[in-house]
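Here is the structure we will look at.
Atoms considered below: every heavy atom in the structure, side chains included; atoms not considered: hydrogens, waters and symmetry mates.
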Amino acid sequence: MQLNHNHPYHLVDYSPWPLTSAIGVMTLVTGLIKWFHNFNINLLILGYLIVIISSYQWWRDICRESTFQGKHTILVTNGLRWGMILFIISEIFFFISFFWAFFHSSLSPNIEIGAMWPPSNIMPFNPFQIPLLNTIILISSGISVTWAHHSLMENNYSQMTHSLFITIMLGIYFTLLQSYEYIEAPFTIADSIYGSTFFMATGFHGLHVIIGTLFLLTCFFRHLNNHFSNNHHFGFEAAAWYWHFVDVVWLFLYISIYWWGN
């Protein structure tokens with residue numbers, strides 16, 4: 001029987017992926033606990049595989065709905081926009097907790113760390129070396145992703161391809177430099193509250209850079225397959241918003257932790 005949808009809202013089809021994702025996350029967390037206690041990562045790897053495969057299948061179906069089936073109407077897209085905005089706001093508060101810990105510890109350092117900041121015996125990074133280069137890289141990537149967005153809105157697909165590729169390369173370059181900085185770090189996450197706040201804040205930011213780079217890479221391949229038009233490209237728009245959020249968080253990290261905290 002043919003059903004007539006006399007409403008503009010998007011009712012999702014039956015899908016197994018929420019269930020398989022939940023099973024994957026449960027397996028992942030259980031495997032993490034097993035790794036902590038028994039130093040065995042087999043269950044952890046299985047959980048990762050289930051989550052990755054489920055995520056790929058789920059997002060593939062969403063791309064089909066939006067691109068080929070035409071289910072993402074203007075009203076549905078507006079709902080997705082608000083969802084992305086609220087998600088980014090939740091991410092902002094996630095990073096606020098790290099900044100709170102950092103300023104709480106740095107503005108009134110305890111006697112246990114020598115009543116000074118940075119604590120005694122901690123050699124912080126020079127903010128005008130790799131951190132400054134990483135700042136220039138991320139600001140440049142913010143410019144290039146904006147260039148890509150405007151190129152797409154003007155139907156200039158070749159410039160969109162070039163500028164988005166540049167953004168992805170800058171994201172990878174940033175991650176490589178951050179990895180090199182971690183390898184050469186003269187302190188660890190176990191070195192007092194300074195090491196804890198530094199590696200938690202910059203580490204989670206680095207994770208967000210990796211996720212944002214993968215997000216943009218997915219949009220790059222979708223663009224090559226002509227999934228986006230000048231007025232229907234929310235998938236890329238969400239990736240651009242996320243990337244700008246990553247840029248702004250890094251500026252706060254650089255100014256507060258690398259420069260002021262030094």
Side-chain angles (χ1 to χ4, degrees), residues 8 10 55-92 95 131-179 205-254:
H10 174 44
S55 300
Y56 172 78
Q57 302 273 54
W58 198 348
W59 295 334
R60 179 207 61 188
D61 288 352
I62 293 171
C63 291
R64 285 174 176 171
E65 288 174 358
S66 64
T67 308
F68 303 117
Q69 296 176 320
K71 293 186 176 181
H72 287 193
T73 61
I74 292 174
L75 198 63
V76 172
T77 307
N78 284 338
L80 294 173
R81 280 192 168 85
W82 277 109
M84 190 66 193
I85 288 168
L86 292 172
F87 170 69
I88 290 175
I89 289 172
S90 72
E91 291 279 272
I92 289 169
F95 277 98
L132 180 60
L133 177 58
N134 268 344
T135 305
I136 295 168
I137 289 168
L138 270 193
I139 291 174
S140 302
S141 70
I143 294 169
S144 61
V145 79
T146 305
W147 172 26
H149 193 190
H150 282 272
S151 299
L152 181 59
M153 289 191 292
E154 293 172 3
N155 287 325
N156 192 335
Y157 280 22
S158 63
Q159 279 199 16
M160 162 71 175
T161 304
H162 297 152
S163 52
L164 188 53
F165 180 76
I166 289 169
T167 308
I168 293 165
M169 289 297 104
L170 288 172
I172 294 171
Y173 187 30
F174 176 94
T175 304
L176 292 174
L177 284 174
Q178 191 79 354
S179 303
H205 176 267
L207 178 63
H208 282 70
V209 170
I210 293 170
I211 293 169
T213 305
L214 292 173
F215 201 171
L216 291 170
L217 187 63
T218 303
C219 291
F220 181 75
F221 288 120
R222 290 191 66 195
H223 168 66
L224 294 180
N225 288 307
N226 298 314
H227 284 196
F228 300 133
S229 67
N230 64 336
N231 60 359
H232 190 85
H233 55 262
F234 175 69
F236 171 70
E237 202 171 354
W241 289 358
Y242 189 83
W243 196 253
H244 287 309
F245 155 73
V246 168
D247 286 351
V248 172
V249 169
W250 174 259
L251 287 176
F252 279 99
L253 280 173
Y254 176 74

**Closest non-hydrogen atom pair between W243 and G142, with its separation** = NE1-N, 4.2 Å
**Request:** Search all heavy atoms of M160 against all heavy atoms of A148 and return the closest pair with its distance.
**Result:** SD-O, 3.2 Å
**Message:** Could you measure the distance from the OH atom of Y242 to the CG atom of D247? Nearest 0.5 Å is fine.
**Reply:** 12.0 Å
**Request:** For residues L216 and A239, report the shortest heavy-atom separation together with the two atoms involved.
**Result:** CD2-CB, 3.8 Å
**Prompt:** Taking all atoms of both residues into account, what is the closest heavy-atom pair of G235 and R222, and its distance?
**Reply:** CA-NH1, 4.4 Å
**Asked** Is there a side-chain contact between W147 and I166 (heavy atoms, below 4.5 Å)?
**Response** yes
**Request:** Please round to the nearest 0.5 Å and tell me the distance separating atom NE2 of H205 and atom CG of L138.
**Result:** 5.5 Å
**Prompt:** Tell me, do L217 and F221 make a side-chain contact under 4.5 Å, heavy atoms counted?
**Reply:** yes
**Prompt:** Given H223 and Y157, is the ring-ring contact (aromatic ring centres under 6.0 Å, His included) satisfied, shown in steps?
**Reply:** CA-CA 8 Å; H223 168 66; Y157 280 22; 5.3 Å; yes
**Prompt:** Is the backbone of C63 close enough, under 3.5 Å, to the side chain of S66 for a donor and an acceptor to pair up by distance?
**Reply:** yes
**Message:** Can you give me the closest heavy-atom contact between V145 and F236, atom names plus distance?
**Reply:** O-CZ, 3.9 Å
**Prompt:** Counting only N and O atoms by type, is there a donor-acceptor contact under 3.5 Å from the side chain of H72 to the main-chain atoms of T67?
**Reply:** no
**Message:** Working to the nearest 0.5 angstrom, can you tell me the gap between I137 CD1 and T175 OG1?
**Reply:** 9.5 Å
**Request:** Not counting sequence neighbours, list each pair that qualifies as a side chain to side chain donor-acceptor pair (under 3.5 Å) and has a residue in residues 206-218.
**Result:** E91-H208
**Asked** Rounded to the nearest 0.5 Å, how far does OG of S151 lie from CG of N230?
**Response** 12.5 Å
**Complete:** On a heavy-atom basis, the closest approach of L164 and C219 is CD2-C, 4.1 Å
**Message:** Rounded to the nearest 0.5 Å, what separates atom CH2 in W250 from atom CZ in F245?
**Reply:** 14.0 Å
**Any S141 side-chain heavy atom under 4.5 Å of Y173 side chain** = no
**Fill in**
dist L133:CG -> L177:CG (nearest 0.5 Å) comes out at 5.5 Å
**Message:** When you compare the side chain of F252 with that of F95, does any pair of heavy atoms fall below 4.5 Å?
**Reply:** no
**Prompt:** Do other residues, nucleotides or ligands put more than 12 heavy atoms under 6.0 Å from the CZ atom of F165?
**Reply:** no
**Side-chain H-bond candidate by donor/acceptor type, H233 with H149, under 3.5 Å** = yes
**Item:** Heavy-atom side-chain proximity of I211 to V246 below 4.5 angstrom
**Value:** no
Contacts under 3.5 angstrom, residues 74-87 side chains, donor-acceptor by atom type, not counting sequence neighbours:
from : atom 1 : to   : atom 2 : distance (Å)
T77  : OG1    : T73  : O      : 2.8
N78  : ND2    : I74  : O      : 3.4
R81  : NH2    : E237 : OE1    : 2.7

